[in-house]
Number of protein chains: 2
Amino acid sequence: MQGQTGTKVNLDKLDFQIIQEMMGNAEISYADLGKKLFVSGGTIHVRIKKLEEAGIVRGTKLNVDIKQLGYDVIAFIGIFLEKSSLYDTVAKELKKIPEIVRLNYTTGNYSMFAEIICKNIQQLRFVLHDELQKIKGIERTETFISLEESFIRDVRVTKASE
Amino acid sequence: MQGQTGTKVNLDKLDFQIIQEMMGNAEISYADLGKKLFVSGGTIHVRIKKLEEAGIVRGTKLNVDIKQLGYDVIAFIGIFLEKSSLYDTVAKELKKIPEIVRLNYTTGNYSMFAEIICKNIQQLRFVLHDELQKIKGIERTETFISLEESFIRDVRVTKASE
DNA sequence: ATTGAAAGAGTCTCAGT
DNA sequence: ACTGAGACTCTTTCAAT
């Protein structure tokens with residue numbers, strides 16, 4: 001099991017380097033990335049194919065500045081449930097609200113933790129008051145509106161041995 | 001200012017459709033996306049170029065299943081500061097910790113809100129105890145470990161008028 | 001603004017090492 | 001496994017509408 005990192009395939013340093021590089025910029029050509037990592041473009045291609053087949057790489061996503069699209073409000077919501085057994089049914093209801101972009105079941109103070117993206121405070125208020133409060137099983141919520149995003153970045157990936 | 005959505009360029013329904021589609025899958029060819037949206041591949045190209053020049057589209061990112069790379073622990077950290085004026089200096093220190101992938105300055109209970117990705121609980125414990133507690137200005141922290149990610153998705157983008 | 005076609009660049013396959 | 005070259009596909013440019 002040496003060198004294993006929670007997956008079935010064996011990944012070496014080059015695989016991690018490719019992932020790290022392309023997490024930030026997936027548009028770089030295989031030839032250019034190969035030059036940067038001192039292998040041929042063909043090798044990059046083979047590695048990425050392996051990573052896709054293993055399900056580690058799931059494709060690429062457009063990186064969009066949603067503020068410029070009019071989405072000015074990001075907030076985090078701590079959710080208290082009446083009973084923690086209600087998790088699945090409440091999660092199902094929360095998924096119906098498109099403004100909620102992420103939901104985690106967490107340890108600690110709150111039962112669940114959500115992230116919400118809205119165009120403005122009015123829309124946030126509507127979701128919190130008119131939609132969330134109607135869901136059976138939610139005892140109460142605490143909202144943390146983001147006044148500033150200091151940074152958001154990708155995790156620095158390394159082999160287990162490093 | 002009609003039709004404006006927080007940016008300088010005017011975006012129509014097609015622009016939003018392109019963004020929505022490619023936020024989920026940036027690998028689709030212009031020809032195929034054009035077919036889906038009933039325009040030519042050339043039109044898709046022109047629109048994306050416009051969006052890039054406006055800074056709305058910032059490129060593409062590889063979508064990676066980090067659990068398979070051995071990163072099993074996601075946690076959220078609510079941070080209490082001794083004085084809220086310490087925000088900038090504390091943010092600078094937090095940015096030095098690569099496991100912290102996101103930091104927001106927030107309203108409500110906490111001064112700041114961080115997200116952290118670690119390989120295991122031991123590494124999380126190390127960051128929380130050995131690294132965070134050493135930063136001057138942090139009064140205390142509350143940690144919420146994610147036991148399950150119910151869902152994570154892109155925001156549904158629409159024009160202001162819709 | 002949109003289109004379609006030609007030129008240029010990148011991906012993918014495969015035989016050789 | 002890695003490489004490099006050829007086949008193929010996609011992006012990019014541009015003249016016409």
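Proteins come first, then strands; the chains are lettered A, B, ... in the order of their sequence lines, and each starts at number 1.
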For this session: Measure from the side-chain heavy atoms of A/His45 and tell me the nearest of C/dG10, D/dT11, C/dC12.
Result: C/dC12
Seminar exercise, completed: On DNA chain C, more 5' by nearest nucleotide between B/Gly41 and A/Val46 is B/Gly41
Exercise. How is B/Val39 classified with respect to the nucleic acid when contacts are heavy atoms under 4.0 Å: base, sugar-phosphate, or nothing?
Worked result: sugar-phosphate
For this session: Could you check how far CD of B/Glu27 sits from P of C/dG10, rounded to whole Å?
Result: 17 Å
Problem set entry | Distance, rounded to the nearest Å, where A/Lys35 contributes NZ and D/dT3 contributes P | 14 Å
Exercise. Using 4.0 Å as the upper bound for N to carboxylate O, is an ion pair formed by B/Glu93 and B/Lys96?
Worked result: yes
Problem set entry | Nucleotide nearest B/Lys49 (side chain, heavy atoms from C-beta), chosen from D/dC10, D/dT13, C/dC12 | D/dT13
Seminar exercise, completed: Of the candidates C/dG4, C/dT11, D/dT11, the side chain of A/Tyr30 sits closest to C/dT11
Problem set entry | Nearest-nucleotide pick for A/Thr43, side chain only, options being D/dT3, C/dG10, C/dC12 | D/dT3
Exercise. What integer distance in Å separates A/Ile44:CD1 from D/dC2:P?
Worked result: 10 Å
Seminar exercise, completed: Rounded to whole Å, CG of B/Leu11 lies from P of C/dA1 at a distance of 14 Å
Exercise. Expressed in angstrom and rounded to an integer, what is the separation of B/Asn25 atom CG from D/dC10 atom P?
Worked result: 13 Å
Problem set entry | Exceeds 12 heavy-atom contacts within 6.0 angstrom, atom CZ of A/Arg153 | yes
For this session: Write down the distance between NZ (A/Lys50) and P (D/dA1), rounded to a whole number of angstrom.
Result: 8 Å
Exercise. Can you check whether B/Lys159's main-chain N or O pairs, donor with acceptor, with B/Lys13's side chain at less than 3.5 Å?
Worked result: no
Problem set entry | Within the 6.0 Å centroid threshold, strictly below: A/Phe76 and B/Tyr110 | no
For this session: Please state how far atom CZ in B/Arg47 lies from atom C1' in D/dT11, giving the value in whole angstrom units.
Result: 18 Å
Exercise. Roughly how many Å is it from CG in B/Leu33 to P in D/dT11, rounded to a whole number?
Worked result: 10 Å
For this session: Go through the steps to decide whether B/Arg102 and A/Glu149 satisfy the test salt bridge (Lys or Arg N to Asp or Glu O under 4.0 Å), and finish with yes or no.
Result: CA-CA 8 Å; B/Arg102 189 177 184 185; A/Glu149 187 150 84; 3.0 Å; yes
For this session: Could you work out which one of C/dT3, D/dT3, C/dT2 sits closest to the side chain of B/Leu14?
Result: C/dT2
